[in-house]
Amino acid sequence: FTKRRLDEDTLQDFEDVLIQADLGVETAMRITDRLSEGRFGKEIAGAEVRRILAEEIEKTLVPVALPLELDLEKKPHVILVVGVNGTGKTTTIGKLAAKLTRAGLKVTLCAGDTFRAAAVEQLKIWGERTGSEVVAKQIGADAAGLAFEAYDRALENDSDVLIIDTAGRLQNKAELMAELEKINRVLSKREPDAPHTVLQTLDATTGQNALSQVEIFRNVSGVNGLVMTKLDGTARGGILVAIAAKHRLPVYFVGVGEGIDDLEPFKAKDFAGAIAGLPVT
Amino acid sequence: MFDSLQDRLGSILNGLTGRGALSDKDVSAALREVRRALLEADVSLEVVRGFTDRVREKAVGAEILKSIKPGQMVVKIVHDELIATLGETQVPIDLNAPAPVVVMMVGLQGSGKTTTTGKIAKRLTERQKKKVLMASLDTRRPAAQEQLKILGEQTGVATLPIIPGQGPVEIAGRAEQAARLGGYDVVILDTAGRTHIDEPLMVEMAEIKRRAKPHEILLVADSLTGQDAVNLARSFDERVGITGIVLTRVDGDGRGGAALSMRAVTGKPIKLIGVGEKMDALEDFHPARIADRILGM
Ligand SMILES: Nc1nc2c(ncn2[C@@H]2O[C@H](COP(=O)(O)OP(=O)(O)OP(=O)(O)O)[C@@H](O)[C@H]2O)c(=O)[nH]1
Ligand SMILES: Nc1nc2c(ncn2[C@@H]2O[C@H](COP(=O)(O)OP(=O)(O)OP(=O)(O)O)[C@@H](O)[C@H]2O)c(=O)[nH]1
Ligand SMILES: [K+]
Ligand SMILES: [Mg+2]
Ligand SMILES: [Mg+2]
């Protein structure tokens, strides 16, 4: 409707829209710069500006919006799930196990969070919900040793996929990150390519710190795929744009609730549209 | 990783040494850097706006002194204003009510409510010699009630026995009654995580409040939260009237701007901070430390 001249003030307003979606100042500026290229000073409708913004964001996200494809030649295909505390690892594992078992695959879960109270019980409930066997030990057990045993159990029970849960940890805790690294080391002794897939969960409500979360977890655990959780709230998870630009890691899924079906493929267009404030289609 | 604000302001302002007072133009240039520093620290945009307005008022016309560089002077004004906004005085958990005093924990999913419930219970038991009962009203997350029970065993704090099939409001009533009959000083209600736009769950939260009549309602929020901090803090406050905030994961390396956002939009004090996963990793809130962190100092 209302046309506005694309001047400094208008650009600032749209940069603010992006900042409020957690893109961060630098990424927001980069995108509004691209918006102004060739258009500066021209009259342009607000809705049109938002559409162009969404397109610019989408360009960064399209290359990372990939479906999760598991190499089932590797049997069991080992998926390790890592991330900061409370970001949704265990729940995402439950949802993912549901998808895989529905597709006819046999799944074993490993309760690799041997630290947090009732982490094992929580995963066991997801095991029941999805008909997946859960390999677990008592609290305080060595997670890497447990992962090793779970691999053998998954072989023995003829599983297609083994999903290993881990305790949440902050990326700046060197000691805890070293423990995580040990899981990869021990697993690869058993099977050189394992873990085949390493998923990191990111909470959409997290701000700029998510960038450093990916940086460090990727280095330590060889993260090769991301899942963004809690997109059912009002947070837009815009830091993912900066992460995509920098790391180019596939984003396989988004979490949109606590239920078993609340895991959806990541769609670059929808995600970008929500950030730019386009009406939902 | 970040240039500290001091460096950035230095390059803009330090040439002014020897002039009379900071002009509107000098301050505007400096405030652009302040704005950016705050946004990089995850302070919510609307809070940044009000904040920089207040800094502008204090900085324009401020006398440039010989003894201190203009850049440092502005940093000090910003730092002081951060502390004023964050709340200068420490506000402890208020137990000044007839026993059993009910404390209710609320917040988004995974923010640290259950862990913080255990930590606060342990602290009140050990430091203030209170007889504390913890009750989990989380009938939704798998094994949530079990989690609190285990924390009770670890800390030696009593937990309300789990009765499968009861709803949150019913459990709140039972907890209050058990606390009264059992001669407890404090009963802490851990609730399920909820998204602030999940209407049925927000209604449920208000019902729990009506039933339990909590003296303290603590919003437990992740210090790594981004721009959404204003939305979530405002929504929870509007729906139940929080009495304080507990920030978690302050042991992370985030810049912690969410603290400023939540305090600014609710006016409610940050009472405690979580600095680890273990049950003793709970500390009093010191505004100067968060202010330093926000400024990358
Ligand atoms: N609204 C919403 N809640 C979610 C989503 N994913 C997970 N949760 C909730 O977030 C909370 C934490 O999830 P968990 O799966 O336990 O997270 P975690 O990373 O395993 O946590 P730790 O093991 O303690 O580090 C739970 O209450 C989940 O139900 C989501 O996509 N949307
Ligand atoms: N590093 C660190 N971890 C914390 C802190 N507080 C809580 N955690 C961790 O964060 C994760 C989630 O904590 P919970 O207490 O289960 O969170 P919650 O809010 O009860 O989660 P829901 O009930 O699912 O909404 C756990 O892994 C905790 O150990 C903290 O201050 N620092
Ligand atoms: K969180
Ligand atoms: Mg978990
Ligand atoms: Mg909980």
Side-chain angles (χ1 to χ4, degrees), chain A residues 15-17 19-26 28-29 84-91 94 115-126 128-129 139 167-173 176 203-210 212-213 216 229-230 232-239 255 257-259, chain B residues 1 35-37 39-46 48-49 108-112 114-115 118 140-154 192-198 221-232 235 248-249 251-258 276-277 279:
Chain A
E15 188 184 301
D16 288 352
V17 167
I19 284 171
Q20 284 179 300
D22 285 317
L23 271 84
V25 179
E26 222 178 279
M29 277 168 51
V84 163
N85 314 70
T87 50
K89 294 173 290 299
T90 308
T91 308
F115 176 79
R116 213 207 61 217
V120 175
E121 288 80 354
Q122 184 186 2
L123 191 71
K124 279 188 175 163
I125 292 173
W126 282 106
E128 279 162 31
R129 287 179 182 174
I139 215 149
R169 66 202 77 212
L170 289 163
Q171 75 275 17
N172 61 331
K173 305 253 170 122
L176 297 180
D203 182 333
T205 59
T206 305
Q208 302 305 299
N209 193 250
S212 116
Q213 293 180 10
I216 296 175
T229 63
K230 308 186 195 176
D232 46 319
T234 49
R236 296 276 162 260
I239 190 63
E258 299 180 83
Chain B
M1 187 166 58
R35 173 183 189 273
R36 184 168 178 151
L39 289 172
E40 280 172 355
D42 285 325
V43 180
S44 302
L45 185 65
E46 65 166 276
V48 171
R49 286 184 184 135
L108 297 183
Q109 285 95 347
S111 64
T114 306
T115 308
R140 304 181 68 249
R141 167 172 166 175
Q145 300 188 63
E146 188 68 19
Q147 184 186 357
L148 191 68
K149 176 171 175 255
I150 293 172
L151 294 181
E153 286 159 8
Q154 283 176 11
R194 63 202 76 220
T195 305
H196 54 271
I197 51 170
D198 186 326
D222 188 341
S223 64
L224 307 177
T225 307
Q227 294 286 318
D228 200 41
V230 278
N231 303 325
L232 84 92
S235 307
T248 59
R249 295 188 201 118
D251 48 326
D253 59 0
R255 299 279 297 280
E277 295 153 70
M279 285 298 109

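The sequence lines fix the lettering, A, B, ..., with proteins before strands; numbering per chain opens at 1.
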How many angstroms lie between atom [atom1] of [X] and atom [atom2] of [Y], to the nearest 0.5 angstrom?
X: B/Gln227; Y: A/Asp16; atom1: CD; atom2: CG; answer: 9.5 Å
X: A/Ile19; Y: B/Leu39; atom1: CD1; atom2: CG; answer: 5.0 Å
X: A/Leu170; Y: B/Arg249; atom1: CG; atom2: CZ; answer: 7.0 Å
X: B/Arg141; Y: A/Thr90; atom1: CZ; atom2: OG1; answer: 7.0 Å
X: B/Asp198; Y: A/Asp232; atom1: CG; atom2: CG; answer: 8.0 Å
X: B/Thr195; Y: A/Glu258; atom1: OG1; atom2: CD; answer: 6.5 Å

Top contributor to chain B contacts, counting heavy-atom pairs under 4.5 Å, from [options]:
options: A/Gly24, A/Ala167, A/Ala235, A/Gly168; answer: A/Ala235
options: A/Gln171, A/Arg129, A/Arg116; answer: A/Arg116
options: A/Val25, A/Ile125, A/Val84, A/Thr234; answer: A/Thr234

Answer with side chain, backbone, both or neither: which region of [X] has an atom nearer than 4.5 Å to a non-hydrogen atom of chain B?
X: A/Leu23; value: neither
X: A/Lys173; value: side chain
X: A/Arg236; value: neither

Quick check on the interface: out of [options], who has the most heavy-atom pairs with chain A under 4.5 Å?
options: B/Glu146, B/Gln154, B/Glu153; answer: B/Glu146
options: B/Leu108, B/Leu224, B/Leu232, B/Thr114; answer: B/Leu224
options: B/Arg140, B/Arg194, B/Lys149, B/Glu46; answer: B/Arg140
options: B/Asp42, B/Thr248, B/Thr115; answer: B/Asp42

Of the backbone (N, CA, C, O) and the side chain (C-beta and beyond), which part of B/Asp253 lies under 4.5 Å from a heavy atom of chain A, both, or neither?
-> both

Candidate pair A/Glu26 and B/Arg36, rule side chain to side chain contact (heavy atoms under 4.5 Å, CB included), full reasoning | CA-CA 9 Å; A/Glu26 222 178 279; B/Arg36 184 168 178 151; 4.0 Å; yes

Less than 4.5 Å apart, any side-chain heavy atom of A/Thr91 and any of B/Gln109?
-> no

Specify the closest pair of heavy atoms between [X] and [Y], including all atoms of both residues, with the distance to one decimal.
X: A/Gln122; Y: B/Pro142; result: CG-O, 3.5 Å
X: A/Asn172; Y: B/Gly252; result: ND2-C, 3.4 Å
X: A/Ala118; Y: B/Ala143; result: CB-O, 3.7 Å

With a 4.0 Å cut-off, would you call A/Lys230 and B/Asp228 a salt bridge?
-> no

